[in-house]
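One structure below.
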Amino acid sequence: MSALDKYIVTDHDVLVIGAGGAGLRAAIEASGHGARTAVICKSLLGKAHTVMAEGGMAAAMGNVDDRDNWEVHFSDTMRGGGYLNNATMAEHHAREAPARVRELEAWGAVFDRTKDGKILQRNFGGHRYPRLAHVGDRTGLEMIRTLQDHGVHQGLDIFMEMTVVALLTNAGRVVGALGYDRERGRMRVWRAGAVVLATGGIGKAFRITSNSWEYTGDGQSLAYHAGAALMDMEFVQFHPTGMVWPPSVRGILVTEGVRGEGGVLRNSEGRRFMFDDIPELYKNQVAKDEEEGWRYVCGDKHAQRPPELLTRDHVARCINREIKAGRGSPHGGVFLDIGWIKEKLPNAREHIKKKLPSMYHQFMQLAGVDITTEAMEVGPTTHYVMGGVRVDGDTQMSNVPGLFAAGEVAAGLHGANRLGGNSLSDLIVFGQRAGEHAAKFAKSAPNREVDLAQVEAETRRALESFDRPNGENPYAIQHDLQDTMQDLVGIVRTQSEMELALEKIAALNARAAKAGVAGHREYNPGWHTAIDLRNLLTVSEAVTRCAIERKESRGAQFREDFPNKSDECSKYNNVVRKAADGSMILERQPIPALRADLKAIIEKMK
Amino acid sequence: MSSAPAGTTSTETRIMNFRVWRGDANGGAFVEYSVEVTPGMVVLDCIHKIQAEQAQDLACRWNCKAGKCGSCSAEINGKPSLMCMTRMDTLPKDETVMVEPMQAFPILRDLVTDVSWNYEVKKKIKPFKPRAPDNADGTWTTYQVDVERAQEFRKCIECFLCQDVCHVLRDHHKHDEFIGPRFLVFTAALEMNPLDTEDRIADLKKRDGIGYCNIGKCCTKVCPEHITITDNAIIPLKERVVDEFYDPITRLFRMFKG
Ligand SMILES: Cc1cc2nc3c(=O)[nH]c(=O)nc-3n(C[C@H](O)[C@H](O)[C@H](O)COP(=O)(O)OP(=O)(O)OC[C@H]3O[C@@H](n4cnc5c(N)ncnc54)[C@H](O)[C@@H]3O)c2cc1C
Ligand code: SF4
Ligand code: SF4
Ligand code: FES
């Protein structure tokens, strides 16, 4: 008889938390190495965020332009990331992505094809050559379905609609997780030799976001409270093109693929304002006029990209500037026009519907706009977090033994700014690595004893909001936090506003401690929101502290009070951890010198 | 240029009444709520508003809010629909909006049903089995025209609305004998993948119950991905079955088609 009787307890070698691209790829790999593998996810299988990815996955296969290779991909990723990237990860990613993409095909993915029968690749911001393998504008669906359908035949134990609320540790090593099932609200314990976090991002900390309810920073927060370091949390990507109207769809993503297919940005005066501001780093890589930009879109190898295909941080800021200068669209965005290509293509309407079918439907159904004839209204939306759990670049293990992280929850690959398409490839490259190393680690970790006191304490914490049926509504606290982050730690940042944000976060923490929920534990979204609050508040504090500490503008971080890059700041990553007294401490972690051959590659590609 | 978006959405704010089914496996009833509806709102927005302001514990599923994940399936005024893609201004203005869970699956709570049967069905279908690679580097050579059919079926977001509307499951509860339109589409995607070498025809006839389908096309009508489930997936599969076995409905269909 064990005191764990109150809990549903299961045993595994490797426990994967998250069933997006990273989690499923990790689980397939771990199970391939003979580990008894479980996967937990908050939603039904196949519904994770990955399903929403549109544009494609980046891999230097050179199918469309044979000048592409891993070295170009590596240097594009580093340049895009403001050179704060973990170079080991950027190298693995660039080298291994092509094999991981082909593997998806062997598992049943059906990619769009080139004329000569290979996997088709498309242009995307910051990638020098057409590099994104894709299926129309539903690439994420193809990835998740392929991995899911392949995975269920690998003997994975899948726990759907269950949420992990704490990682369990024993003598400093991770030995499992505690969580609840949504259906009944029963508490469960998963014991395991190694845990892989693959829980995605933090977008729900902001008001305007392309992210779903799942993106409450759970993985980052779970890791942090278990003693892991979080890195680069100041770098939150604001995607330049989200829907702005009608209000209820504000933030929903408009894929960069629209611009990849020739879509152009204009202000209310009809001007292609992106031509007005070309950053120094890219000045040799941008079309000199609209005509050259269109030739690039059509695949002319001698043409340079249109400025709409510069990196996301830059495009988002240009849009922001136009709106603030009063040159925006009626509902506070700018115009994104793909319909204009009818001047160039006789069958433009059919072409657009074929290349961008879900965008066509999204605008038709939700906004009543026909994108083949009318311009879309778009504006920046919170999209992705580059920062996350700090991991070893080879194994994906955090500083807590037995705790691995892969995908959006992990930091390193993207540095200060992620290139579009580099996330889906990230998921499969580092999902594979995390799965392999977690399986190996689990073999050497026979002792999986959990600490009952810890389980009980964490359970009490998870349930305490039920003791306050008249406590404050958790939704109200969540909304106030989203407003705080959006307004004070958003796309343009300053010292005083962020200091105010820290004060507000402290006050929100106090309110969260008094939040209450009514009703029962079965399928109770109010309760779930109350639990999410701690995660959201933890990551929000980390973002804000790191953003204050970095007194420069680089990649996704733009500071009005420090509008330029600083040499000093190029030498370190910000890292936060939980101190013994429970407070958050911040350290600068020096960036190691780049290996000589990698340095040479970057020089060569400048 | 600066063409202002036409936006067919109405601009007025109004109060609308809802009847939302609340309950669990033991039973339940419709509960009335009224919601202030602003321009562009979809049914899911209203459900969220009710959740945030009036009924914290109202259960529903959703993720993407953009018609991409297939989580928010329900029946709106009796029609199986995605809540996130049903704009309020497409519903009759002066009538109460009825929202209830899918009927073809067991109720868990409120708008949430137990769809686990679907996952079990899928597991039984023989997985993808590619031919040996065409090229020395382990890749295949296939052309766009060859993959287009399979790509149509792979647009499926697994919302299970087609399963919900299919009378074989909804009214006759043949869950043990019939895999339903979703998994006929899934099987068709595998069978029509140019690389696949597996044979699923005998399973379709004997285990999957393809013969139960009378080609009424209700499934095609509700599919939010506009997959031509019946014409492009089910009928060709039925024809393959006929080529190996006998199926009266397909024979009839062929006769009508001339
Ligand atoms: C609209 C949109 C379009 C995009 N398009 C592209 C694109 O074209 N190309 C590209 O490269 N990237 C794109 N991205 C980014 C990319 O899709 C994501 O970064 C990526 O899919 C994240 O994958 P993941 O495996 O890390 O996490 P996810 O796919 O988000 O999966 C997270 C999983 O963790 C689970 N989980 C979370 N917390 C818990 C918990 N506490 N307990 C249990 N389970 C938990 C969730 O339920 C889920 O299963 C896009 C993103 C969005 C939002
Ligand atoms: S056409 Fe066949 S599968 Fe579709 S709803 Fe009718 S009987 Fe069901
Ligand atoms: S075929 Fe269509 S209706 Fe059926 S599950 Fe797939 S997307 Fe939904
Ligand atoms: S929430 Fe994803 S389809 Fe409706």
Side-chain angles (χ1 to χ4, degrees), chain A residues 43-47 51-52 102 105-108 110 112-113 116-118 135 138 141-142 145 149-150 152-153 183 212-214 245-249 252-253 266 268-270 329-330 335 337 340 358 361-362 365-369 374-377 473 475 517-520 522-526, chain B residues 1-9 24 38-42 45 51-52 56-71 85 87 108-110 112 115-116 119 122-123 127-128 130 133 138-144 146-147 150-151 154-158 189-190 193 195-196:
Chain A
S43 292
L44 295 171
L45 191 59
K47 312 293 184 197
V51 80
M52 295 162 67
R102 289 191 198 109
E105 182 166 47
W107 292 348
V110 184
D112 286 354
R113 317 302 300 182
D116 56 352
K118 296 178 185 158
V135 187
R138 56 164 191 84
L141 169 63
E142 192 68 18
R145 204 64 85 230
D149 294 344
H150 185 73
V152 296
H153 293 285
E183 185 184 340
S212 83
W213 66 271
E214 292 202 320
W245 191 87
S248 68
V249 299
I252 292 181
L253 195 75
R266 293 184 200 278
S268 60
E269 295 160 3
S329 63
F335 295 105
D337 185 12
W340 80 276
S358 33
H361 285 295
Q362 187 172 311
Q365 267 180 283
L366 296 176
V369 168
E374 298 163 79
M376 297 161 250
E377 280 188 84
N473 183 340
Y475 290 105
V517 291
H520 38 69
E522 289 143 40
Y523 242 109
N524 184 339
Chain B
M1 57 133 262
S2 113
S3 58
T8 55
T9 313
D24 56 27
T38 56
M41 267 171 86
V42 293
D45 292 320
Q51 223 176 39
Q56 258 192 44
D57 61 349
L58 168 59
C60 76
R61 283 195 183 103
W62 69 285
N63 280 72
C64 68
K65 218 173 160 296
K68 294 188 162 74
C69 71
S71 303
M85 294 303 273
R87 274 221 325 247
L108 288 176
R109 171 167 292 278
D110 303 340
V112 178
V115 291
S116 57
Y119 290 87
K122 196 189 220 181
K123 232 188 227 171
F128 177 64
T139 62
W140 287 271
T141 305
T142 45
Y143 299 94
Q144 191 60 34
D146 303 324
V147 300
Q151 283 186 331
R154 293 181 67 84
K155 286 194 308 191
C156 172
I157 55 173
E158 299 199 332
L190 290 164
N193 183 324
L195 306 188
D196 184 68

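Order of the sequence lines sets the chain letters (A, B, ...), proteins ahead of strands, with each chain counted from 1.
With a 4.5 Å cut-off on non-hydrogen atoms, Leu44(A) touches chain B through its backbone and its side chain both. Contacts of Trp107(A) with chain B are made by backbone atoms alone, with heavy-atom separations under 4.5 Å and no side-chain atom involved. Residue Arg109(B) touches chain A through its side chain alone, counting heavy-atom pairs closer than 4.5 Å. With a threshold of 4.5 angstrom between heavy atoms, Asn193(B) approaches chain A through side-chain atoms but not through N, CA, C or O. Of the two parts of Val147(B), the backbone and the side chain both hold a non-hydrogen atom closer than 4.5 Å to a non-hydrogen atom of chain A. Only the backbone of Ala518(A) comes within contact range of chain B, judged by heavy atoms closer than 4.5 Å. Only the side chain of Asp149(A) comes within contact range of chain B, judged by heavy atoms closer than 4.5 Å. The parts of Ile157(B) that come within reach of chain A are both its backbone and its side chain, each placing non-hydrogen atoms under 4.5 angstrom from that chain.
Without hydrogens or angle criteria, Tyr119(B) side chain to Leu45(A) main chain gives a donor-acceptor distance under 3.5 Å. With Ser248(A) contributing its side chain and Gly40(B) its backbone, the two residues share a donor-acceptor pair below 3.5 Å. Put simply, the side chain of Asn473(A) gets close to the backbone of Ala52(B): a donor and an acceptor are under 3.5 Å apart. Judged purely by atom type and a 3.5 angstrom limit, Lys47(A) has no side-chain atom pairing as donor or acceptor with the backbone of Asn63(B).
Options Gly138(B), Gly70(B), Cys60(B) differ in how many heavy-atom pairs under 4.5 Å they form with chain A, and the most are formed by Gly70(B). Ranked by heavy-atom pairs under 4.5 Å with chain A, the first of Glu158(B), Lys65(B), Gln51(B) is Glu158(B). Among the candidates Asp116(A), Val517(A), Val135(A), Leu253(A), the residue making the largest number of heavy-atom pairs closer than 4.5 Å to chain B is Asp116(A). Among Lys122(B), Gln151(B), Lys123(B), the residue making the largest number of heavy-atom pairs under 4.5 Å with chain A is Gln151(B). In terms of heavy-atom pairs under 4.5 angstrom with chain B, the leader among Pro525(A), Gly519(A), Ser212(A) is Pro525(A). No other option in Gly526(A), Gly108(A), Gly46(A) has as many heavy-atom pairs under 4.5 Å with chain B as Gly108(A). With chain A as the partner, the residue from Val42(B), Leu58(B), Leu190(B) showing the most heavy-atom pairs under 4.5 Å is Leu58(B). Most heavy-atom pairs under 4.5 Å with chain B, from the set Lys118(A), His150(A), Arg102(A), His153(A): that is His153(A). Interface remark: of the candidates Pro133(B), Ser116(B), Pro127(B), Pro127(B) forms the most heavy-atom pairs closer than 4.5 Å to chain A. The most heavy-atom pairs under 4.5 Å with chain B, out of Met376(A), Gln365(A), Glu522(A), Arg138(A), come from Arg138(A).
One finds the CG atom of Leu108(B) at 6.5 Å from the OH atom of Tyr523(A) (value rounded to the nearest 0.5 Å). Taken to the nearest 0.5 Å, the OG1 atom of Thr139(B) stands 7.5 Å off from the CD atom of Glu105(A).
Among all heavy-atom pairs drawn from Pro130(B) and Ala106(A), the shortest one is CG-O, 3.6 Å. Residues Ala66(B) and Gln362(A) approach most closely at CB-OE1, 4.4 Å, considering heavy atoms.
Contact of the Lys68(B) side chain with the Leu141(A) side chain is not registered, since no non-hydrogen atoms from C-beta on lie closer than 4.5 Å.
Between the side chains of Thr142(B) and Arg113(A), at least one donor-acceptor pair of N or O atoms lies under 3.5 Å.
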